[in-house]
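What follows is one structure encoded as structure tokens, with my remarks underneath.
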Amino acid sequence: MRVKRTMAAVVTMAACVAMTSMGALAESVVSENNPEQDFQQKVVFEKTDEVVPTYTVEVPATVTLSKDAQNLSFSMNLENHENFIPDGKKVSVVIESAGYPGTLNKFAVWDSRNLQEASYEIYYSDAMAGGRYSIGDEIVSWEGSDWGTQNRRIKVLDYENIQPGNYSGIINYSISLTDK
């Protein structure tokens, strides 16, 4: 009697396992007697790693001033993300400071040997009337699918009256992902 009960339990368990396995391979049969069938498939997705978009902004390490205006190029690339800059955000480049040691509040370069200063300006384009950039201004930004290179212009002021010399200075920028 015990053997029959054990055998019945084993057969029942085998049937349950077989039915469970069959559920994994669901079928929908269509025939002339049953011409239509509805079927619902379960779809699952698991994402374990957070995708953090990276935006690389390239700013030239050096810009050489001359008599004529020069391009000041800024480039932005999307590094590891197929989407664009999130809605409501922008990648922004702001002029934080400019000048030379001891004077970081104006667009000027310094000739330390001859103790002379030369001023310059940064502006949008040669066709632009007025509206020069100041320290604290956003100089370029990218939003949405807008990426690539943007040029601004940089020019020495009063070139004819500047004394010969070797002038140098710096421009400091902040680059950030900000709200529009």
Side-chain angles (χ1 to χ4, degrees), residues 41-180:
Q41 182 179 46
K42 183 178 178 182
V43 178
V44 295
F45 173 71
E46 181 181 350
K47 180 180 173 187
T48 57
D49 294 331
E50 181 72 24
V51 175
V52 178
T54 302
Y55 312 102
T56 301
V57 176
E58 295 178 14
V59 178
T62 304
V63 62
T64 302
L65 300 174
S66 68
K67 180 178 182 177
D68 298 319
Q70 303 296 312
N71 273 339
L72 188 56
S73 298
F74 302 86
S75 297
M76 200 246 343
N77 294 308
L78 302 170
E79 289 299 313
N80 63 350
H81 202 254
E82 294 177 6
N83 294 328
F84 301 110
I85 299 167
D87 289 339
K89 299 282 188 181
K90 66 181 176 177
V91 175
S92 175
V93 178
V94 173
I95 303 169
E96 286 295 316
S97 62
Y100 49 87
T103 305
L104 290 175
N105 61 355
K106 60 182 170 178
F107 293 121
V109 286
W110 180 252
D111 176 2
S112 60
R113 184 169 188 204
N114 298 313
L115 304 177
Q116 299 173 93
E117 180 183 272
S119 296
Y120 60 91
E121 63 184 347
I122 301 173
Y123 53 99
Y124 188 82
S125 72
D126 289 335
M128 185 178 103
R132 309 305 189 209
Y133 290 105
S134 298
I135 293 171
D137 287 348
E138 179 181 80
I139 191 165
V140 294
S141 67
W142 298 268
E143 51 190 71
S145 62
D146 174 32
W147 56 275
T149 300
Q150 294 185 34
N151 290 310
R152 299 297 179 259
R153 302 291 280 167
I154 187 167
K155 178 181 174 184
V156 173
L157 296 172
D158 200 18
Y159 178 83
E160 301 301 327
N161 292 322
I162 296 173
Q163 297 300 313
N166 293 316
Y167 296 84
S168 64
I170 59 165
I171 303 173
N172 293 312
Y173 300 98
S174 68
I175 303 168
S176 57
L177 180 65
T178 63
D179 294 331
K180 288 192 213 180

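In this chain, residues are counted from 1 in sequence order.
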List the steps, then state whether side chain to side chain contact (heavy atoms under 4.5 Å, CB included) holds for Glu117 with Tyr167. CA-CA 8 Å; Glu117 180 183 272; Tyr167 296 84; 5.8 Å; no
Are side-chain heavy atoms of [X] and [Y] found at a separation under 4.5 Å?
{"X": "Glu58", "Y": "Met76", "value": "no"}
{"X": "Ser168", "Y": "Val109", "value": "no"}
{"X": "Ile95", "Y": "Asn172", "value": "no"}
{"X": "Tyr100", "Y": "Ile170", "value": "no"}

Gap separating the OG atom of Ser174 from the CD1 atom of Ile139, nearest 0.5 angstrom: 11.5 Å
Distance, nearest 0.5 Å, that separates CG of Leu104 from CD1 of Ile171: 11.5 Å
Please give me the minimum heavy-atom distance between [X] and [Y], naming the atom from each residue.
{"X": "Tyr133", "Y": "Phe107", "value": "O-CE1, 3.2 Å"}
{"X": "Ala108", "Y": "Tyr120", "value": "N-CE2, 3.2 Å"}
{"X": "Ile135", "Y": "Ser97", "value": "CG2-CA, 4.0 Å"}
{"X": "Pro60", "Y": "Ser73", "value": "CD-O, 2.9 Å"}
{"X": "Trp142", "Y": "Gly148", "value": "NE1-O, 3.4 Å"}
{"X": "Ile162", "Y": "Leu157", "value": "CD1-O, 3.5 Å"}

Count the heavy atoms of every other residue, nucleotide or ligand shown that sit under 6.0 Å from NZ of Lys90, and state whether that count exceeds 12. yes
Assess whether atom CG of Asn105 is packed by more than 12 heavy atoms of other residues, nucleotides or ligands within 6.0 Å. yes
Side-chain donor/acceptor of [X] to backbone N/O of [Y], under 3.5 Å:
{"X": "Gln70", "Y": "Asp68", "answer": "yes"}
{"X": "Asn161", "Y": "Asp158", "answer": "no"}
{"X": "Gln150", "Y": "Ser75", "answer": "no"}

Cationic N near anionic O, under 4.0 Å, [X] to [Y]:
{"X": "Glu160", "Y": "Lys67", "answer": "yes"}
{"X": "Glu143", "Y": "Lys89", "answer": "no"}
{"X": "Arg152", "Y": "Glu121", "answer": "no"}

Could you check Leu65 against Tyr159 for side chain to side chain contact (heavy atoms under 4.5 Å, CB included), going step by step and ending with a plain yes or no? CA-CA 10 Å; Leu65 300 174; Tyr159 178 83; over 6 Å; no
Here's a test for you: under side chain to side chain contact (heavy atoms under 4.5 Å, CB included), which of Val93, Val94, Thr56, Val140 qualifies with Ile175? Val93
Verdict with supporting geometry, Trp147 and Tyr55, side chain to side chain contact (heavy atoms under 4.5 Å, CB included): CA-CA 10 Å; Trp147 56 275; Tyr55 312 102; over 6 Å; no
For side chain to side chain contact (heavy atoms under 4.5 Å, CB included), just list the numbers for Trp110 and Gln116, CA-CA rounded to whole Å, side-chain angles, deciding distance to a tenth of an Å, and then say yes or no. CA-CA 6 Å; Trp110 180 252; Gln116 299 173 93; 5.6 Å; no
Worked check of side-chain hydrogen bond (donor to acceptor under 3.5 Å, both in side chains) between Asn71 and Arg153: CA-CA 5 Å; Asn71 273 339; Arg153 302 291 280 167; 3.0 Å; yes
Kindly state whether the ring of Tyr173 and the ring of Phe74 have centres lying under 6.0 angstrom apart.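 Ring centres of Phe74 and Tyr173 closer than 6.0 Å.
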